[in-house]
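Working notes, beginning with the structure itself.
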Amino acid sequence: MLKAYSYIENEQLDSGIVDRQIFDKERQIILEFALNNPTPKMEKNCVFCNGATKDFATIDNVFYQRCKACFSIFANVDAELLKRYKAYEPLVDFRSSSEYQNSAAERRKEIWNDFLFWLEYRVARHLRKTSALDVIDVGNFYNAFSEKVKKATFCGSYNTAKAADIVLFLDHFRCLADPMDTLVDFWHKLKDDGILVMGVRVGSGFDIITLKDRLYSIYPYETLLLPSTEGLSIMLNSSGFDVLEISTPGTLDVEFVLQNKEFLDESDLFVHYLLNKTDQSILAEFQRFLQKSGMSSHARIIARKRAL
């Protein structure tokens, strides 16, 4: 497996991909659903490695656990409840609105361009082909991103083939009730030696383990699974994949902690010193350290379907 140590430059730390007004609207819709659909505390072993767990946080009346072995974070939520959440009409309507779609198209275009540029090289390396590939994009609700994938040099068909060379699953792993079943389904969707490309929020990232329940961007039922890179590798291997690459190129860990530093525990002496006694260049260097050492909370994974 290749662990990538290259990093993404972002001197201002904040890439500006989120319109806070739109994010707050989306967050409020999700919060209304969460508060009207509480989940009782149900402890279980780690869904990634079956290890013992301990309490992590309770967020909007939903209980999250953290694995003592692989350090993944998860909430145990009923699959039927999650199905209702994904079909929740106010949320579906808002995400399909022109306000939401146009904002995403404008603010995310550079990060999408960067991702597809990154992916072109991985496709050439791992599939030995650079064009006419069958792509299945699972869970994506951004129309502009769909159009960009269709125009990518490697894309021959998009969401039309029965079997894919590439399955894209970007930023939707966090909202699964049955992650193992989903990964096995992807295995069946892929051609022999096809690749699964994932973007995943990981629970081993600096901002998540520092802020815990005080991180505004982590909430039910949008985020239920926050695997560590180790936990995700275990599950991918168990579901029939060989992990080829894993990297953590996130740019916002330090920014999220900066935005919420008033909520830091007084005992977090190192983080308090880092944020209050260092300048912007040091914070940018620390973010690069998180990227290169695998401790950012955003991961990119490429895994190959393993033959039976």
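Both backbone and side-chain heavy atoms feed into the values below; hydrogens, waters and symmetry mates do not. Because the structure is predicted, anything quoted here is derived from the model rather than measured.
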Checklist entry - Any donor and acceptor pair, going by atom type alone, linking the side chain of S96 with main-chain N or O of D93 inside 3.5 Å? => result yes
Item to check | Heavy-atom side-chain contact between L232 and I301 under 4.5 Å | outcome: yes
Item to check | I302 CD1 to I246 CD1 distance, which is reported to the nearest 0.5 Å | outcome: 11.0 Å
Checklist outcome for this item: When rounded to the nearest 0.5 Å, the distance separating OG1 of T182 from CG of L176 is 4.5 Å
Checklist entry - Do you know which two heavy atoms are closest between N140 and S146, and how far apart they sit? => result ND2-OG, 2.8 Å
Next on the checklist: Using modelled atom types and a 3.5 Å cut-off, is there a donor and acceptor pairing between side-chain atoms of K191 and backbone atoms of D165?
Outcome noted: no
Checklist entry - Would you call D207 and I218 a side-chain contact if the rule is heavy atoms closer than 4.5 Å? => result no
Checklist entry - Which atoms form the tightest heavy-atom contact between N76 and T39, and what is the distance? => result O-CG2, 3.6 Å
Checklist entry - For the residue pair C46 and T53, what are the closest heavy atoms and their distance? => result N-CG2, 3.6 Å
Checklist outcome for this item: The remaining residues in the hydrophobic cluster of F117, counting side-chain heavy-atom contacts under 4.5 Å among Ile, Leu, Val, Met, Phe, Trp and Tyr, are Y121
Next on the checklist: I'd like to know if D55 and K41 make a salt bridge, using a cut-off of under 4.0 Å between side-chain N and carboxylate O.
Outcome noted: yes
Item to check | Backbone of I209 reached by a side-chain donor or acceptor of K212 within 3.5 Å | outcome: yes
Checklist entry - Looking only at side chains, do T210 and D268 share a donor and an acceptor under 3.5 Å apart? => result no
Item to check | Cluster link L226 to I234, ILVMFWY, side chain under 4.5 Å | outcome: no
Next on the checklist: Let me confirm one number: the CG-CD1 distance from L190 to I195, rounded to the nearest 0.5 Å.
Outcome noted: 8.5 Å
Next on the checklist: Could you walk me through whether L82 and L224 satisfy the side-chain contact (heavy atoms from CB on, under 4.5 Å) test, starting with their C-alpha distance in whole Å, then the side-chain angles of each, then the deciding distance to 0.1 Å, before giving a yes or no?
Outcome noted: CA-CA 10 Å; L82 193 55; L224 301 173; 3.7 Å; yes
Next on the checklist: Tell me whether the count of non-hydrogen atoms from other residues, nucleotides or ligands lying under 6.0 Å of CD in E266 goes above 12.
Outcome noted: no
Item to check | OG-CG distance between S297 and L215, expressed to the nearest 0.5 angstrom | outcome: 7.5 Å
Next on the checklist: When you group the ILVMFWY residues by side-chain heavy-atom contacts below 4.5 Å and let the links chain together, are M295 and F270 in the same group?
Outcome noted: yes
Checklist entry - Rounded to the nearest 0.5 Å, how far apart are CG of N159 and CG of D134? => result 10.5 Å
Checklist entry - Above 12 or not: heavy atoms from other molecules or residues under 6.0 Å from CG of D192? => result no
Next on the checklist: Would the distance check show the side chain of Q65 and the main-chain N or O of K44 forming a donor-acceptor pair, the cut-off being under 3.5 Å?
Outcome noted: yes
Item to check | Minimum heavy-atom distance between S217 and T223, given as atom pair plus value | outcome: O-OG1, 4.2 Å
Next on the checklist: Just so I know, are the side chains of R122 and E245 near enough to count as touching, which here means a heavy-atom distance under 4.5 Å?
Outcome noted: yes
Checklist entry - Do the non-hydrogen side-chain atoms of L133 and L127 ever get within less than 4.5 Å of each other? => result yes
Next on the checklist: Taking L269 as the starting point, is it possible to reach L264 by hopping between hydrophobic residues whose side chains are less than 4.5 Å apart?
Outcome noted: no
Checklist entry - Has the side chain of N113 got a donor or acceptor atom that lies under 3.5 Å from a matching backbone atom of K109? => result yes
Checklist outcome for this item: Heavy atoms of L170 and G199 approach each other most closely as CD2-N, 3.6 Å
Next on the checklist: Show every ring-ring contact (aromatic ring centres under 6.0 Å, His included) that has at least one partner inside residues 145-185, sequence neighbours left out.
Outcome noted: W112-F145, F141-H172, F169-F186
Next on the checklist: Any side-chain to backbone donor/acceptor pair from R214 onto F263? Under 3.5 Å, distance only.
Outcome noted: yes
Checklist entry - Does the pair K261 and N276 meet the rule for a side-chain contact (heavy atoms from CB on, under 4.5 Å), with working shown? => result CA-CA 9 Å; K261 66 179 182 179; N276 293 302; 3.2 Å; yes
Next on the checklist: As a quick check of understanding, evaluate side-chain contact (heavy atoms from CB on, under 4.5 Å) for N143 and E147, giving each step before the final call.
Outcome noted: CA-CA 6 Å; N143 298 331; E147 293 305 312; 5.8 Å; no
Next on the checklist: Listing request: all ring-ring contact (aromatic ring centres under 6.0 Å, His included) pairs with a residue in residues 38-70, at least two apart in sequence or in separate chains.
Outcome noted: none
Checklist entry - Does any non-hydrogen side-chain atom of L236 lie less than 4.5 Å from one of L196? => result yes
Checklist entry - What do the steps show when you test T153 against T130 for side-chain contact (heavy atoms from CB on, under 4.5 Å), and what is the final call? => result CA-CA 7 Å; T153 58; T130 58; 5.9 Å; no
Checklist entry - Can the ring centroids of Y88 and Y221 be said to lie less than 6.0 angstrom from one another? => result no
Next on the checklist: Quick one: does any side-chain atom of Q287 pair with a main-chain N or O of G250 as donor and acceptor, under 3.5 Å?
Outcome noted: yes
Checklist entry - Does D193 offer a backbone N or O that forms a donor-acceptor pair with the side chain of R304 under 3.5 Å? => result yes
Next on the checklist: Using every non-hydrogen atom in the two residues, find where V62 and A75 come nearest and quote the distance to one decimal.
Outcome noted: CG1-CB, 3.8 Å
Item to check | Side-chain touch M180/S238, heavy atoms, less than 4.5 angstrom | outcome: yes
Checklist entry - Has the side chain of R306 got a donor or acceptor atom that lies under 3.5 Å from a matching backbone atom of F241? => result yes
Next on the checklist: S296 and side chain to side chain donor-acceptor pair (under 3.5 Å): which single residue from T248, T251, D253 fits?
Outcome noted: D253
Checklist entry - In chain order, what residues pass the side-chain hydrogen bond (donor to acceptor under 3.5 Å, both in side chains) check against S72, with sequence neighbours excluded? => result S228
Checklist entry - Does the side chain of R300 come under 3.5 Å of the side chain of S247 through a donor N or O and an acceptor N or O? => result no
Checklist entry - Do F256 and I208 come within less than 4.5 Å of each other through their side chains, counting heavy atoms only? => result no
Checklist entry - Among pairs that include at least one residue of residues 20-35, which meet side-chain hydrogen bond (donor to acceptor under 3.5 Å, both in side chains), considering only residues two or more places apart or in two chains? => result R20-D24, D24-Y216, K25-E99, E26-R95, E26-Y100, R27-D60
Item to check | For L35, the rest of its hydrophobic cluster, which grows through side-chain links under 4.5 angstrom | outcome: L31
Checklist entry - Less than 4.5 Å apart, any side-chain heavy atom of R66 and any of F71? => result yes
Item to check | Residues K189, D137; criterion salt bridge (Lys or Arg N to Asp or Glu O under 4.0 Å); working and verdict | outcome: CA-CA 11 Å; K189 281 182 165 64; D137 186 7; over 6 Å; no
Checklist entry - Out of curiosity, D181 CG to S239 OG, how far, rounded to the nearest 0.5 Å? => result 10.0 Å
Next on the checklist: Are M42 and Y85 linked, directly or through intermediate hydrophobic residues, by side-chain heavy-atom contacts shorter than 4.5 Å (ILVMFWY only)?
Outcome noted: no
Checklist entry - Short question: side chain of D19, backbone of I22 - any donor-acceptor pair under 3.5 Å? => result yes
Checklist outcome for this item: Between L168 and the options I136, V138, V149, the side chain to side chain contact (heavy atoms under 4.5 Å, CB included) test singles out V149
